[in-house]
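Encoded as structure tokens, the structure appears first; notes follow it.
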Amino acid sequence: MPLSQTDLEQLALHSATADNLSVPIFILSFEDGAFTFISINKRHEEVTGMARGDLAGKRPHDILPRRMADTVVRNYQSCIDHGARFAYEELLALPTGEIWWETTLSPIRGEAGIIGVAGVAVDITARKATEIGAAHDYGRLHRLNQDVAAFMSMAAHDLRAPLRQIRVMTEMIEDGFQDLGDNKLELLQTCRSVVDNSLEQLDSVLQYSSELDITPVSLTSVDFGHLCRDVAAVLDPLGKFEIEHTECVIECDAVCLQVVLRNLLDNASKFAHAQIMIDVRQADGKDGMLEFCVADDGPGFKDTDLAFVGHAKDAKNKTGLGLATVSGMVEARGGRLWHDHSGERSGAIIRWTLPGNLHPGE
């Protein structure tokens with residue numbers, strides 16, 4: 001059903017109001033099941049590098065790469081279907097670069113029901129960069145703590161043996177020792193006391209090293225399908241590959257998952273022929289642990305060990321974080337990352353685990 005003149009005037013009023021606000025805002029009409037851009041405000045133009053004249057009157061698939069258009073339209077439709085405010089995080093590749101958005105969609109109601117969607121997009125790229133940096137630091141700190149704990153434990157054990165020998169020798173000398181009034185017996189007792197105190201301190205060091213750890217990260221709710229679509233839209237905007245992924249909501253370390261998934265999907269898109277598969281499930285026999293998988297139909301690894309070491313870099317083949325780095329991030333959270341050699345599927349299959357759970361009913 002076409003929008004009435006009153007509905008069109010209401011959409012125009014929303015657009016005029018948006019220009020007075022200092023956050024990026026976009027307005028779309030919803031007519032006959034399709035979305036059409038009405039306008040974006042000045043701040044949106046400044047942040048994204050997109051001109052309102054290039055968007056007005058056009059549908060998302062007219063101006064955005066196919067996979068990105070599919071993703072944003074799905075979000076707009078969710079707002080329409082629920083008839084309520086819909087908020088989410090998304091990663092979009094725009095003329096000014098990749099931007100992380102915290103987007104809130106609100107339905108616009110008119111004479112015949114919902115006639116459009118108003119979107120407010122807050123740029124959270126800097127915050128995401130901080131979160132991702134903290135995720136890397138967490139992994140490095142975890143490994144450093146492990147090294148420190150191991151060093152403290154070895155040093156304490158190495159010192160305990162000679163101190164115990166000194167204590168035994170002191171006791172042997174004290175046995176039957178005659179005090180001639182020259183304070184030598186007192187010196188022996190002082191020596192034994194020093195040794196006893198040192199052994200107590202070493203016991204404290206061993207106890208501390210066994211407890212040396214950093215606080216586990218908190219688990220948050222993640223729409224896994226939404227995350228997969230966002231990453232795929234950035235890495236494969238034109239839909240070159242057939243990318244299958246699981247649709248579910250999970251509880252896990254969201255930032256770590258974003259970093260690992262982005263890097264593994266980036267690698268897969270470089271070598272896949274036509275297909276990439278992304279999956280998540282509850283790990284077999286491990287309560288509170290999720291198992292993820294990224295698989296492609298490419299040539300697979302020529303040297304798995306070298307790939308996981310992460311030092312295979314040259315001027316013609318620059319890698320991202322590398323499997324060694326993302327593997328360290330996963331291990332710091334109590335999971336592990338490995339190359340799956342099982343099965344008859346060709347190509348590379350990377351699996352990793354992270355603490356988390358599927359939402360009930362998923």
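Along the sequence shown, the residues carry numbers beginning at 1.
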query = Side chains of Ser269 and Asp236: do they bring a donor and an acceptor to under 3.5 Å?
reply = no

ask   = What closest approach, in Å, do Leu28 and Leu11 show between heavy atoms, and which atom pair accounts for it?
value = O-CD2, 4.2 Å

ask   = Could you give the distance from CZ (Phe292) to CD1 (Ile278), rounded to the nearest 0.5 Å?
value = 11.5 Å

ask   = In terms of hydrophobic clustering (I, L, V, M, F, W, Y; side-chain heavy atoms under 4.5 Å; direct or indirect links), are Val168 and Leu187 co-clustered?
value = no

ask   = Atom OG in Ser221, atom CG in Asn357: separation rounded to 0.5 Å?
value = 12.0 Å

request  = Could you tell me whether Arg52 and Asp19 have a side-chain N and a carboxylate O separated by less than 4.0 Å?
outcome  = yes

key: Closest contact, heavy atoms only, Leu163 versus Val195   = O-CG1, 3.2 Å

query = Distance from Ile108 atom CD1 to Leu13 atom CG, nearest 0.5 Å?
reply = 10.0 Å

remark   = Distance col, row Asp340:CG vs Cys293:SG, nearest 0.5 angstrom, shows 7.0 Å

message = Show, in sequence, the C-alpha distance, side-chain angles and deciding distance for His226 and Tyr88, and conclude whether the ring pair (Phe, Tyr, Trp, His ring centres under 6.0 Å) test is met.
response = CA-CA 9 Å; His226 195 294; Tyr88 54 93; 5.2 Å; yes

query = Considering only heavy atoms from C-beta outward, does the side chain of Leu257 approach that of Trp352 to under 4.5 Å?
reply = yes

ask   = Gln282 side chain to Gly356 main-chain N or O, any donor-acceptor pair under 3.5 Å?
value = yes

request  = Identify which one of Glu89, Glu90, Glu98 satisfies the salt bridge (charged side-chain N to carboxylate O under 4.0 Å, His left out) criterion when paired with Lys128.
outcome  = Glu89

task = Determine whether the side chains of Asp296 and Gln275 contain a donor N or O and an acceptor N or O closer than 3.5 Å.
result = no

ask   = Are Met289 and Leu358 co-members of a hydrophobic cluster defined by side-chain heavy atoms under 4.5 Å apart?
value = no

task = Please list, chain by chain and in numerical order, all residues satisfying side-chain hydrogen bond (donor to acceptor under 3.5 Å, both in side chains) with Asp196, sequence neighbours excluded.
result = Arg167

ask   = Does some side-chain heavy atom of Leu92 sit less than 4.5 Å from a side-chain heavy atom of Ile99?
value = no

note = From the list Ile250, Val255, Asp253, side-chain contact (heavy atoms from CB on, under 4.5 Å) with Val222 holds only for Ile250

Student check: side-chain heavy atoms of Pro60 and Tyr76 closer than 4.5 Å = yes

query = Just by distance, do the side chain of His82 and the backbone of Ser78 share a donor-acceptor pair under 3.5 Å?
reply = yes

query = Can you list the steps and then say if His245 with Glu247 is a side-chain contact (heavy atoms from CB on, under 4.5 Å)?
reply = CA-CA 6 Å; His245 58 79; Glu247 290 286 351; 3.0 Å; yes

message = Would you compute the distance between atom CZ of Arg333 and atom CG of Leu219 and round it to the nearest 0.5 angstrom?
response = 11.0 Å

query = Regarding Thr353 and Glu291, is there a side-chain donor-to-acceptor distance under 3.5 Å anywhere?
reply = no

message = More than 12 heavy atoms of other residues, nucleotides or ligands under 6.0 Å from CZ of Arg85: yes or no?
response = no

request  = Verify whether one side chain among Asp81 and Gln77 offers a donor that lies under 3.5 Å from an acceptor in the other.
outcome  = yes

request  = State whether the side chain of Gln10 and the backbone N or O of Ile115 hold a donor-acceptor pair below 3.5 Å, judged by distance alone.
outcome  = no

request  = Please tell me if the side chains of Pro95 and Met50 come closer than 4.5 Å, counting only heavy atoms from C-beta onward.
outcome  = yes

ask   = Are Asp70 and Arg74 close enough, and set up right, to give a side-chain contact (heavy atoms from CB on, under 4.5 Å), and what steps lead you there?
value = CA-CA 6 Å; Asp70 289 343; Arg74 186 183 181 112; over 6 Å; no

key: Any Asp230 side-chain heavy atom under 4.5 Å of Val234 side chain   = no

request  = Check whether any side-chain N or O of Arg229 sits under 3.5 Å from a backbone N or O of Phe224 as a donor-acceptor pair, and report yes or no.
outcome  = no

task = Ignoring hydrogens and angles, tell me if any N or O in the side chain of Asn197 forms a donor-acceptor pair with the backbone of Ser193 under 3.5 Å.
result = yes

message = Please find the pair of heavy atoms, one from Leu94 and one from Trp101, that lie closest to each other, and give the distance.
response = CD1-NE1, 3.6 Å

query = Given the rule in the side-chain contact (heavy atoms from CB on, under 4.5 Å) test, do Ile243 and Cys228 qualify, once you have shown the distances and angles that lead to the verdict?
reply = CA-CA 9 Å; Ile243 300 179; Cys228 290; over 6 Å; no

inquiry  = Could you report the tightest heavy-atom contact between Arg262 and Leu235, atom names first, then the distance?
reply    = NE-CD2, 3.5 Å

query = Quick check: are there more than 12 heavy atoms from other residues, nucleotides or ligands sitting under 6.0 Å from CZ of Arg66?
reply = yes

ask   = So, the side chain of Asp297 versus the backbone of His273: is there a donor-acceptor pair under 3.5 Å, distance only?
value = yes

query = Within the side chain of Thr96, is there an N or O that forms a donor-acceptor pair under 3.5 Å with the backbone of Val47?
reply = yes

query = Tell me, do Thr103 and Asn75 make a side-chain contact under 4.5 Å, heavy atoms counted?
reply = no

inquiry  = Has Asn267 got a side-chain atom pairing as donor or acceptor with Leu264's backbone, closer than 3.5 angstrom?
reply    = no

ask   = Do the side chains of Phe35 and Val117 get nearer than 4.5 Å, heavy atoms only?
value = yes

key: Shortest non-hydrogen contact between Gly119 and Leu105, atoms and distance   = CA-CD2, 3.9 Å

key: salt_bridge(Glu242, Arg67) N-O dist < 4.0 Å   = no

ask   = Checking Asn41 side chain against Ile25 main chain: does a donor-acceptor pair fall under 3.5 Å?
value = yes

request  = Work out which heavy atom in His339 is nearest to a heavy atom in Ile349; give both atom names and the distance.
outcome  = CD2-O, 3.2 Å

inquiry  = Is there a path of hydrophobic side-chain contacts, each under 4.5 Å between heavy atoms, that joins Val194 and Ile166?
reply    = no

request  = Any chance you could lay out the salt bridge (charged side-chain N to carboxylate O under 4.0 Å, His left out) test for Glu46 and Arg43, step after step, and finish with the verdict?
outcome  = CA-CA 5 Å; Glu46 294 170 357; Arg43 183 55 180 162; 3.1 Å; yes

message = Between Leu3 and Ser29, is there a side-chain heavy-atom distance shorter than 4.5 Å?
response = yes

message = Once rounded to the nearest 0.5 Å, what's the spacing between atom CD of Glu244 and atom CD1 of Ile276?
response = 11.0 Å

key: Under 3.5 Å: donor-acceptor pair, side chain of Asp175, backbone of Glu171   = no

request  = Determine, stepwise, if the pair Phe26 / Val120 fulfils side-chain contact (heavy atoms from CB on, under 4.5 Å).
outcome  = CA-CA 7 Å; Phe26 54 93; Val120 178; over 6 Å; no

